Undergrad: 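Please see the structure below; I have some questions.
Only a predicted model underlies this, so the values are computations on that prediction, with no experimental measurement involved. Residue numbers begin at 1 in each chain, while the letters A, B, ... track the order of the sequences.
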Amino acid sequence: MNYILSILIENEAGALSRVVGLFSQRGFNIESLTVATTEDPTMSRLTIKTSGDAHVLEQIQKQLHKLIDVFRVTDLTDGPHVEREIMLVKVAAKTATARDEVQRCADIFRGAIIDVTGRHFIVQLVGTSAKLESFLAAIRDTCVIIELVRSGIIGLSRSDKAIKQ
Amino acid sequence: MVKLSGAEMVVQSLIDQGVKQIFGYPGGSVLDIYDALHTLGGIEHILVRHEQAAVHMADGYARSTGDVGVVLVTSGPGATNTITGIATAYMDSVPLVILSGQVANNLIGNDAFQECDMIGITRPVVKHSFLVKNTQDIPQAIRKAFYIAASGRPGPVVIDLPKDILNPALKYNYHYPNSIELRSYNPTVEGHKGQIKRALQVFLKAKKPVLYIGGGIICANASDELKAFAEKTNVPVASSLMGLSAFPSTHKQFLGMLGMHGVYEANMAMHNADVIFAIGVRFDDRTTNNLAKYCPSAKIIQIDIDPTSISKTVIANIPIVGDAKHVLATLLTQLNHEQESRDLDALVDWWKQIEHWRQRHCLAFTKQRENERIKPQEVIEVLYRLTSGNALIATDVGQHQMFTALYYPFDKPRQFITSGGLGTMGFGLPAALGVKLAHPDQTVVCITGDGSIQMNIQELSTALQYGLPILILNLNNRFLGMVKQWQDMIYSGRHSSSYMESLPNFAQIAEAYGHVGISITKPEELESKLQQALAIKNRLVFVDVMTDATEHVYPMQVRGGSMSEMWLSKTERT
């Protein structure tokens with residue numbers, strides 16, 4: 001089972017290493033991790049995608065909360081939420097058909113071609129992780145994927161409550 | 001407002017925090033602090049012979065008083081030498097503040113001389129840590145460190161101090177904060193009232209209840225409340241190693257230590273219990289044996305101040321997050337109002353069963369005859385008798401530790417100081433010295449073995465320098481006893497590297513360090529020589545006792561078995 005944890009943490013030197021260290025120290029998984037400051041510059045927000053059974057998830061949340069720098073921990077997957085991931089893909093499209101295919105797929109998936117050099121395109125895509133996977137599946141036959149980078153998941157709960165309250 | 005340098009701020013902050021003694025070892029990056037200690041005065045500094053011992057000493061001091069122990073070491077090797085000590089304190093929830101020197105800010109990351117990433121290397125074994133980059137932040141960091149170390153579930157906190165912020169030539173306004181607030185750290189102290197009520201109802205209905213206590217009772221100073229609660233509900237009490245001394249061991253409701261080397265009656269009571277009321281324990285693997293077979297018919301009520309300790313290994317049916325003292329006080333209040341308070345006769349059958357288990361006398365051993373080796377169990381029994389059970393005892397780790405836990409009943413909280421979680425050999429001597437510093441008028445005994453004592457034996461020198469007349473009782477069996485026991489039982493007696501060849505003459509070593517050394521080799525001189533050793537009050541006495549190397553610690557739970565599966569002797573199994 002996969003979970004998405006949202007964590008508010010003091011924006012202090014070494015705080016991130018405590019979180020990352022905790023996961024490796026206790027044998028928990030990190031599938032993806034993103035971090036940046038929030039509207040309050042003294043706080044950072046981490047989003048961690050992790051996996052395990054309910055018992056493991058409970059321990060992860062408790063252990064995270066035990067860190068002195070951690071202000072709040074919530075499991076976004078526990079309720080209605082939105083999640084997004086951003087991906088940049090560099091593809092090589094050698095033929096005109098392939099170039100058309102990249103353009104068409106980018107349009108269908110509401111992506112954008114943000115750079116073109118010779119036969120190489122960089123496509124930017126935003127969506128759920130599943131959507132990004134589908135895009136890759138769609139272009140894989142006609143183009144060569146040179147390299148790609150994904151941001152990892154970020155997300156917010158859909159209720160009127162904020163994590164800070 | 002007074003103006004101080006960074007080094008002076010460190011010392012003044014400690015004074016303002018009420019610190020009287022610190023344990024440490026000087027070096028390049030903390031020389032400014034040592035100079036400030038010298039010029040400001042007000043704090044006694046105990047110079048150890050190895051930084052690991054400084055932490056164990058502060059640890060013994062902290063465990064025996066409940067106060068925060070303080071350590072001061074230099075950067076690099078000074079800092080790395082503290083790791084075992086810090087990890088020991090972390091596992092056993094001991095409040096410590098460790099001040100480590102660091103190379104100057106502009107050198108950090110350059111692999112400078114005696115540089116080590118102390119924050120990084122200690123991260124998994126501290127409750128929290130601070131790298132202080134500006135002089136003005138020193139008082140705040142120290143105040144926070146003491147608060148974090150002592151509150152909630154206690155633990156060690158590291159403060160790393162780069163040399164440049166200590167510069168004696170640069171003075172800044174100094175103010176020590178009276179209180180501190182941390183928005184991200186608010187430990188839950190009061191337990192949930194409704195949950196406590198539920199727990200009490202389940203507990204009072206139980207036919208075969210057991211109170212299972214641990215170190216959390218001692219941390220919370222909750223022994224009085226525990227005793228009142230146990231007596232009011234007339235339930236048997238079993239303890240983890242760390243919980244020993246929290247409840248009087250001579251009390252008729254006390255079953256003894258449970259777990260791997262727990263007594264028969266305690267392990268049997270746990271296995272057959274219908275409700276286990278666990279307070280301040282974390283169901284460590286040494287106390288549960290095989291989790292899949294653990295206490296099959298028991299509902300678990302668990303009180304702990306650390307939410308991560310609840311349902312970590314054994315799932316709690318009724319979890320209560322809170323401080324043991326507060327929750328027990330609430331339980332007592334509710335108990336007084338409870339309509340259906342416990343019918344004291346309801347447990348007659350349970351107590352009858354427990355008496356039956358007690359009749360097994362699992363701690364009985366064959367006393368030695370003349371010309372035989374001294375039995376280690378008897379050494380502890382004689383020590384108990386000669387000290388009237390009143391000595392403060394620190395141990396090392398191994399067979400002697402278990403013999404002490406089993407054969408020296410502790411009646412007063414903080415009387416038994418031992419490394420339970422990490423199991424650190426070399427802990428005993430420095431810890432005992434820390435205990436003696438805090439309790440100069442009491443008899444302090446370090447019970448150790450020929451393996452453990454050699455891991456920090458250099459502290460005999462510290463003991464002489466500060467005049468710390470403890471008694472060291474060395475159970476010398478010429479083996480790493482616990483390793484040997486496992487090799488006997490599990491590895492068909494193949495004693496791979498568990499034999500200590502070329503042991504020194506310990507009595508002579510003690511004499512060379514300026515202490516009194518006594519050797520006991522014959523059973524018939526055990527009592528008289530031990531008495532003679534205890535009569536020497538103003539000097540450290542090292543008593544080296546040649547014990548029977550063939551002895552094993554029993555009971556011992558069968559590996560992979562339930563709580564009730566134990567070896568009771570070399571030939572007898574449950």
Undergrad: Given a strict heavy-atom distance threshold of 4.5 Å, which part of Asp306(B) is in contact with chain A: side chain, backbone, both, or neither?
TA: side chain

Undergrad: Going by the side chain to side chain donor-acceptor pair (under 3.5 Å) test, name the single residue among Asp160(B), Asp117(B), Thr74(B), Asp164(B) that passes it with Gln102(B).
TA: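 Single pass found, and it is Asp160(B).
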
Undergrad: Check whether Glu58(A) gets within reach of chain B through its side chain, its backbone, both or neither, counting any heavy atom under 4.5 Å.
TA: side chain

Undergrad: Quick check on Leu131(B) against chain A: is it the side chain, the backbone, both or neither that has a heavy atom closer than 4.5 Å?
TA: neither

Undergrad: Can you say whether Thr42(A) sits under 4.5 Å from chain B via the side chain, the backbone, both, or neither, judging by heavy atoms?
TA: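 For Thr42(A), the contact with chain B is made by backbone and side chain together.
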
Undergrad: What is the distance from atom CD1 of Ile217(B) to atom CD1 of Ile303(B), rounded to the nearest 0.5 Å?
TA: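 Nearest 0.5 Å value for the CD1-CD1 distance: 7.5 Å.
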
Undergrad: Side chain, backbone, both or neither: which part of Ile9(A) has an atom under 4.5 Å from a heavy atom of chain B?
TA: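 Contact with chain B: none, neither part.
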
Undergrad: To the nearest 0.5 angstrom, please state how far the CZ atom of Phe109(A) sits from the CD1 atom of Ile139(A).
TA: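 One gets 9.0 Å once the value is rounded to the nearest 0.5 Å.
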
Undergrad: Could you report the tightest heavy-atom contact between Ala150(B) and Val68(B), atom names first, then the distance?
TA: CB-CG2, 3.8 Å

Undergrad: Please classify the contact of Gln63(A) with chain B as side chain, backbone, both or neither, using a heavy-atom distance under 4.5 Å.
TA: both

Undergrad: Is it true that the side chains of Thr128(A) and Arg84(A) contain a donor and an acceptor less than 3.5 Å apart?
TA: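 Not at all, the side chains of Thr128(A) and Arg84(A) share no donor-acceptor pair under 3.5 Å.
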
Undergrad: Can you tell me which of Met43(A), Arg26(A), His65(A) forms the most heavy-atom pairs within a distance under 4.5 Å of chain B?
TA: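 Heavy-atom pairs under 4.5 Å are most numerous for Met43(A).
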
Undergrad: Could you tell me which portion of Lys133(B) (side chain, backbone, both or neither) has an atom closer than 4.5 angstrom to a non-hydrogen atom of chain A?
TA: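 Contact with chain A involves no heavy atom of Lys133(B) at all.
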
Undergrad: Return yes if a side-chain donor-acceptor contact under 3.5 Å exists between Ser184(B) and Glu10(A), otherwise no.
TA: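 The answer is yes; a qualifying pair exists.
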
Undergrad: Under a plain distance cut-off of 3.5 Å, with no hydrogens placed, do Tyr176(B) and Gln140(B) share a side-chain donor-acceptor pair?
TA: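 On atom types as modelled, these side chains do not qualify, holding no pair under 3.5 Å.
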
Undergrad: Do you know which of Lys66(A), Arg18(A), Glu12(A) has the most heavy-atom pairs under 4.5 Å to chain B?
TA: Arg18(A)

Undergrad: If I measure from the heavy atoms of chain A, does Arg123(B) come under 4.5 Å with its side chain, its backbone, both, or neither?
TA: side chain

